[in-house]
Amino acid sequence: MEKTAVVTGASRGIGAATARALAAQGCRVAVCCRERRAQAQAVAAEICAAGGTALPFCADVSDEAAVQAMFAAIRRTLGEPEILVNNAGIARQKLFTEVTAAEWDEMFGVCVKGAFHCCQAVLPQMIRRKWGRIINVSSMWGQVGASCEAPYSAAKAALIGLTKALAKEEGPSGITVNCVAPGVIDTEMMAAFSAKEKAALAEETPLGRLGTPGDVAAVIVFLASEAGAFVTGQVLCPNGGFVI
């Protein structure tokens, strides 16, 4: 795939694995982050060392002006984005009655408004070219909800709704829009979980293990490729059978 791909939240975890996987398929990759510039630079450097093409970019995706500036820089250096992976997100475990309005707004700002801004940044040119791939990263909790994660569950559910609506709207323009809803993935976001808690989650997963960022990246690469050309408006679930 000799395409320009933009991956948000790509300084670590699922985003970093996705950036590496897309680069391995021949994509020029924009490794995007909000604050972890050094980590994003390290991911881009790793891709380049392996013979790929990647550059780091930093922006708060909840800020429209910052997103527009970031995409302008991507176009100047890597070309017009043809693949967009909306992976940027935050996690927070808290009783719903203790969630503040500011925390709720921050969750939706990053997870939902961020995807909104990025989609609006790429869609005009995708529509003109009659080709594009948009993949939104949700969560199994966006499908079934999670106790003490109401804002996260609600934001990830919103991404699923956005995916389905955009798939119908942009399909006639040759653009596919899909969603990936991972299960329990062993990333830095699980740093607060003890080894015992992780073992319990693995035991609850029918395949008997936690997922890896690579497990999710493989699904995203499929959706971005020609192999996924007739798949749109779908929610693919690399969750090890946790939610069926």
Side-chain angles (χ1 to χ4, degrees), residues 7-22 24-25 83 85-96 107 110-112 115 133-167 176-244:
V7 185
T8 66
S11 64
R12 58 179 181 166
I14 292 170
T18 298
R20 295 185 191 103
L22 286 169
Q25 295 300 314
I83 298 166
V85 181
N86 286 310
N87 173 70
I90 55 176
R92 181 177 290 116
Q93 289 188 308
K94 201 170 188 180
L95 287 170
F96 178 73
M107 182 66 70
V110 175
C111 296
V112 185
R133 298 281 192 269
I134 296 175
I135 300 107
N136 297 318
V137 180
S138 178
S139 166
M140 65 179 179
W141 301 133
Q143 297 175 293
V144 299
S147 176
C148 294
E149 293 192 62
Y152 182 81
S153 299
K156 293 299 187 178
L159 278 179
I160 293 173
L162 173 64
T163 296
K164 292 178 180 292
L166 272 185
T176 66
V177 186
N178 289 288
C179 193
V180 177
V184 184
I185 309 300
D186 197 4
T187 68
E188 288 182 36
M189 279 192 173
M190 292 195 67
F193 289 78
S194 67
K196 185 176 180 180
E197 288 170 329
K198 288 184 180 181
L201 288 167
E203 186 176 350
E204 195 174 346
T205 303
L207 286 183
R209 67 172 177 87
L210 302 183
T212 69
D215 291 327
V216 184
V219 177
I220 294 172
V221 168
F222 162 72
L223 291 171
S225 73
E226 286 304 316
F230 199 55
V231 181
T232 196
Q234 304 304 306
V235 182
L236 272 63
C237 309
N239 62 31
F242 199 104
V243 172
I244 294 176

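Every heavy atom of this structure was used, including side-chain atoms; hydrogens, water molecules and symmetry mates were not.
In terms of heavy-atom proximity, Ala115 sits nearest to Asn136 at CB-OD1, 4.4 Å. Closest heavy-atom contact between Gly142 and Lys156: CA-CB, 3.8 Å. When all heavy atoms are compared, the tightest approach of Met107 to Pro151 is CG-O, 3.5 Å. Of all heavy-atom pairs spanning Phe242 and Leu201, the tightest one is CE1-O, 4.1 Å. Nearest heavy-atom pair across Val112 and Ala158 is CG2-CB, 3.9 Å. The minimum heavy-atom distance linking Ala202 with Leu210 is given by the pair N-CD2, 3.7 Å.
Residues Thr18 and Asn87 form no side-chain contact, since every pair of their non-hydrogen atoms from C-beta on lies 4.5 Å or further apart. When side chains are defined from C-beta on, Met190 does not count as touching Ile185, because their heavy atoms never get closer than 4.5 Å. Arg92 is not listed as a side-chain neighbour of Tyr152, based on a closest heavy-atom distance of 4.5 Å or more. Residues Leu223 and Ser225 have side chains not in contact (no heavy-atom distance under 4.5 Å, counting atoms from C-beta outward). For the pair Val231 and Phe222, the minimum side-chain heavy-atom distance is below 4.5 Å. Phe193 places a side-chain heavy atom less than 4.5 Å from the side chain of Gln93. The shortest distance between side-chain heavy atoms of Ser138 and Val180 does not fall below 4.5 Å. Taking the side chain as every heavy atom from C-beta outward, Lys164 and Val177 never approach each other to under 4.5 Å.
Thr8 and Asn86 are not linked by any side-chain donor-acceptor pair at a separation below 3.5 angstrom, with hydrogens and angles left out of the test.
Here the CD1 atom belonging to Ile14 is positioned 12.0 Å from the CD atom belonging to Glu188, to the nearest 0.5 angstrom. Here the CD1 atom belonging to Ile134 is positioned 10.0 Å from the CG atom belonging to Asn178, to the nearest 0.5 angstrom. A distance of 10.0 Å separates CD1 of Ile135 from OG1 of Thr163, quoted to the nearest 0.5 Å. In this structure, CG on Leu159 lies 6.5 Å from SG on Cys111, to the nearest 0.5 angstrom.
Pro182 pairs with exactly one of Val137, Asn239, Asp215, Thr187 by the side chain to side chain contact (heavy atoms under 4.5 Å, CB included) rule, that one being Val137.
The backbone N or O of Trp141 lies less than 3.5 Å from a partner atom in the side chain of Ser139, making a donor-acceptor pair. At least one donor-acceptor pair under 3.5 Å links the side chain of Ser194 to the backbone N or O of Glu197. In this structure, the side chain of Gln25 does not engage the main chain of Leu22 through any donor-acceptor pair within 3.5 Å.
Under the 4.0 Å criterion applied to side-chain N and carboxylate O atoms, Arg133 and Glu226 are assigned as salt-bridge partners.
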Discussion item. Please determine whether side chain to side chain contact (heavy atoms under 4.5 Å, CB included) holds for the pair Val184 and Met140, giving the CA-CA distance in whole Å, both sets of side-chain angles, and the decisive distance to 0.1 Å.
Written reply: CA-CA 8 Å; Val184 184; Met140 65 179 179; 3.6 Å; yes
